[in-house]
Structure formats: C-alpha cells, structure tokens
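So the structure is just underneath, and the comments pick up after that.
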Amino acid sequence: MHECQNANQYAKELLVWYDKHHRPLPWRQNINIYHTWVCEVMSQQTTLAVVVPKFSEFVKQLPTVDDLAVCDEDTLRQLWSGLGYYARARNLKKGAIFIVEHLEGRFPQSCKEWLEIPGCGLYTAAVIASVCFNEKVACVDGNVTRVVSRLLALSRDVWGSSGQSVIRDFVNSIISDERPGDFNQAMMELGATVCRKTKPLCLLCPLRSQCLASEKNCTELCPPQKPRRDAVDVELFALIIWRKATDTIAIVERTKGFLANTVGFPLIPEIEVLEVKKRFKSLKQFQLVELPGTFAHNITHHRISGKALVVQEVEDYWSAAVEDFWQKLGLPQPFYWVASQAIATKLSTSLDKKVFKLFHVSPFGHPNSKL
DNA sequence: GACCCGTGGGG
DNA sequence: TCCCCAAGGGT
C-alpha cells in the first residue's frame, strides 16, 4: 500500500509546481461558486481552448444563478453553441432552477449536496466542493486517472468503476490537508500540460522521483487505452421547408435522440426520404429541390453524411392543412416558422449551420434569390 | 456495466 | 482528408 510519509511529499512537490506553472484561466482569478460550477460543467469532455471564450460570454450574459434560472431557451442555446453535449446546458439550467426554488438561491456547501444537482457527478461535485469550500475530497477525471496510473505503474484497466475507485482512494490518501482545491487542480493541470497522454514531459515533472512508470520507463503503457466503439455510417436528409408567401422556414424542437434539446431543421433518415418526397409531390402547391452537395458531420461514434431537401411552398397550402399534414409526414413536433432572414441567428448546432450553408450558397436555395 | 450524447482542434 | 480526443454524466 501507499505509505503515509510519502503523502505529504506528493502534495508538497505538486503544490510548489502548481503555484509556479499553472495557467491563468479566467475562473481562477478569484473563486466564485457560480463561475466554478459553470466552467466545470462546460469543461466536461471539452478542450479548455474552446471553453475559455465561451465561459466568459456565458457569465457576462448570465452573471448569476438567478439569471440562469430564468433565461430563455434561445439565449441558452446560443451561449452553448459550439460546445456540444447539449444535455449539459439543460441540466445546468435545471440545477439553477432547483437552487433558486428549493435552496432559496443558496448554493450547496458540500460534495454530497452538489451530487444532487443535475449534471453534477462525482467529478464535478468534488471539484466544486474542494475549490470553493476547501473540502478534502479527491476529484478524478481523465487527467488524474492518467497521472495516478503512471505514478503507480498501473497498466491494468483503470477506466471501469473498480479502477476509478482505486484511483480515487489513492488521490484521497495523498490530497493536501491545507489546500485540497489547489491540489485537485494541480493534479489535473499536471495531466494536461506535463503528464500528457502522448509524449509526456517527464523531465519537467515535479513527481518524477516518485513515479513508478517513469522509473520502469513504461509511461506509454499506463494507462491502457479507453475502449472505443466502432464508427457507424448514417445517411440523413435535412428538410428546409420554406413558405414563400411569408418567407418563413420550419424549425423543429428535437426532443430525443441526436441533438436532443436543440432546435433546427427537421432531420429524417435517408430511407424515409422517398416517402416524404412522394407526399409533397402529390400536391401541386410544392416544389422540391435537392440541394447540390453534401455535408459531413460526426456525432459521437456516428459518421453522418447528409443532404438537404428544399421543400418550397409556391402556392398557399400550410395555412389550412398544416397541422394535419405535418403529422401525416411523421415529422418531429413541435415546429414553428422562423423568418428566413432570422434563421441563421436561431440555429445553434454545428449540423444545422452546415445545412444552412448548403442552402445559403445555393442558387436554388438562397432566400434572396428567385427560384 | 454498457451505451448514449457534440464539437473544435491537433496530429 | 481522416482519425483521435478532451476538466463526464445520465439512463
């Protein structure tokens, strides 16, 4: 097992290094519970270079938990645009509402209490509790897992729940008594900048003399690679349903599956396109144009290849039969009409922006061009 | 435990 | 161009 006299040594060396070398991230300037919460949720599975500007804009537009709790969905989506994993934004707002409505706007004070907040798991609750409340609780993310697996030369699986427990127990055994928050951030910072996945900079590492993987020269084997799913190819169509009379375009709220909790163009599997085309073609009020070109987009392990179909209503039809027809088409609901000039500002997902680009550059599709 | 969910940046 | 991946959490 790990000896206690070493525990202080790990923390001591690490904190000396951290004080000297940590990056000046915006949320590190002065500790703010709301800021810490927002930046940690934003940072989940996301690179910090992308997070930093998004974080600043987010807390500028929504400075307090009260602002977040009452913000409109469109604002939230725009602030989250480019970050992905949109459930995080939904949970963040749910958490804000919970804090405002059930905790009288007072933030939870411990790791255990933070675990009750939507979107806060073991990692996030531990970071907030240690950084904001000086709670001595280990936080274990991908960086920390890598650092510890090398310190202990663990080449067996460390990503499953039992492996994560081993990592967490070890970190709890060496965590600083005086500065648990800085210690946790230091472990992550070390993993991000020195104990990197590939080409670790062992010569710069403050823990080198205590690192078994460095000693055995086996950093490449520790930790073992996370298992990954094979990519799956998906073909789909985006529908650009455009009312000429009002110059508006149909936007749907996606409630499940890909891009849940976002709004954008209706998406249908390639295999259903024929049926949809047939239904529109049976009505003289519509003209169909399949835009030239395709767009490529990845969602987790799905490799999406997409095309866009413009469905233009050249004579009035929707005003009378819209609800019924929409339902018969099996398109996502609810939907609403957005002025074509305002479409670009409504879209928040990368996929929708790619679709819009196909539309915008096309002589067949541009709202300002004559069809 | 298995599987789900986005995106931008880097090699 | 293509593949890899990053300060995870929910179901």
Side-chain angles (χ1 to χ4, degrees), chain A residues 22-23 25-28 35-55 77 80-92 94-95 114-128 130-131 138-147 157 159-165 167-168 171 181-193 195-199 223 225-234 254-262 264 267 295-305 347-354:
Chain A
H22 73 79
R23 295 166 292 180
L25 298 170
W27 48 86
R28 282 180 176 157
H35 288 186
T36 304
W37 177 33
V38 170
C39 86
E40 289 301 339
V41 172
M42 265 190 188
S43 302
Q44 292 167 2
Q45 295 289 287
T46 308
T47 47
L48 288 196
V50 177
V51 169
V52 168
K54 293 288 180 182
F55 166 80
R77 278 191 285 265
W80 211 262
S81 178
L83 288 170
Y85 287 135
Y86 299 101
R88 296 183 297 165
R90 182 186 64 230
N91 284 333
L92 203 55
K94 272 170 70 179
W114 273 101
L115 280 172
E116 304 299 317
I117 303 299
C120 288
L122 280 174
Y123 163 77
T124 307
V127 185
I128 297 172
S130 63
V131 169
C139 81
V140 176
D141 70 337
N143 285 314
V144 174
T145 299
R146 183 171 57 256
V147 169
D157 175 57
W159 302 110
S161 63
S162 70
Q164 289 286 287
S165 289
I167 305 288
R168 188 160 45 247
V171 177
D182 286 342
F183 174 89
N184 279 334
Q185 293 191 86
M187 288 287 281
M188 293 189 279
E189 189 83 351
L190 187 70
T193 62
C195 194
R196 305 181 304 198
K197 182 182 182 69
T198 58
K199 300 180 184 172
Q225 204 174 10
K226 272 185 241 182
R228 265 174 218 299
R229 292 189 67 75
D230 291 338
V232 176
D233 289 310
V234 177
R254 307 189 182 104
T255 54
K256 56 183 177 180
F258 288 154
L259 305 173
N261 199 42
T262 65
L267 304 174
F295 63 91
H297 189 73
N298 296 327
I299 296 179
T300 61
H301 60 284
H302 302 275
R303 260 194 313 257
I304 297 169
S305 170
L347 305 177
S348 66
T349 77
S350 180
L351 185 151
D352 288 302
K353 292 177 182 179
K354 290 173 183 174

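Residue numbering restarts at 1 for every chain, and letters A, B, ... go by the order of the sequence lines.
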Exercise for the section: Start with the C-alpha distance between R28(A) and E189(A), add both sets of side-chain angles, then the distance that settles salt bridge (charged side-chain N to carboxylate O under 4.0 Å, His left out), and finish with yes or no. Expected result: CA-CA 12 Å; R28(A) 282 180 176 157; E189(A) 189 83 351; 3.2 Å; yes
Problem - Interatomic distance where CG belongs to D233(A) and C1' belongs to dC2(C) [whole Å] - result: 13 Å
Handout entry: Phosphate-side-chain proximity, H297(A) and dT7(B), N/O vs OP1/OP2 below 4.0 Å
Key = yes
Practice task
Rounded to whole angstrom, note down the C1' distance from dA7(C) over to dC3(B).
Solution key: 22 Å
Exercise for the section: Please tell me which of G257(A) and K199(A) maps to the more 5' nucleotide of DNA chain B, matching each residue to the nucleotide holding its nearest heavy atom. Expected result: G257(A)
Exercise for the section: In whole angstrom, give the distance that lies between atom CD1 of I299(A) and atom C1' of dT7(B). Expected result: 10 Å
Handout entry: S81(A) and K353(A) side chains, donor-acceptor separation under 3.5 Å
Key = yes
Problem - Donor-acceptor contact present, side-chain R88(A) to main-chain Q44(A), <3.5 Å - result: yes
Handout entry: Presence of R229(A) side-chain N/O under 4.0 Å of dA2(B) phosphate oxygens OP1/OP2
Key = no
Exercise for the section: May I have the distance from F258(A) (atom CZ) to dT7(B) (atom C1'), rounded to whole angstrom? Expected result: 14 Å
Practice task
Report yes if some heavy atom in the side chain of I128(A) is under 4.5 Å from a heavy atom in the side chain of I117(A); otherwise report no.
Solution key: no
Problem - Contact check, side chains of F258(A) and I304(A), non-hydrogen atoms, under 4.5 Å - result: yes
Exercise for the section: Round to the nearest Å and state the distance from L83(A) atom CG to dC5(B) atom C1'. Expected result: 14 Å
Fill in the blank from the handout: Comparing nearest nucleotides in DNA chain B, the 5'-proximal residue of the pair S161(A), A260(A) is S161(A)
Exercise for the section: Produce a footprint string for nucleotides 5-11 of chain C: one letter per nucleotide, 5' end first; B if the base is under 4.0 Å from any protein heavy atom, S if only the sugar-phosphate is, - if neither. Expected result: SBBBSS-
Exercise for the section: State whether H302(A) places a side-chain N or O below 4.0 Å from either non-bridging phosphate oxygen (OP1 or OP2) of dC5(B). Expected result: yes
Handout entry: Side-chain ion pair, D352(A) and R254(A), N-O less than 4.0 Å
Key = yes
Problem - Between dG8(B) (C1') and N298(A) (CG): distance, integer Å - result: 12 Å
Practice task
For the pair W37(A) (side chain) and V41(A) (backbone), establish whether a donor and an acceptor sit closer than 3.5 Å, ignoring hydrogens and angles.
Solution key: no
Exercise for the section: Please work out if T198(A) contacts a base, only the sugar-phosphate, or nothing of the nucleic acid, heavy-atom cut-off 4.0 Å. Expected result: nothing
Handout entry: Spacing between D352(A) atom CG and dG6(B) atom C1', to the nearest angstrom
Key = 12 Å
Handout entry: W80(A) CH2 - dT7(B) C1' separation (whole Å)
Key = 12 Å
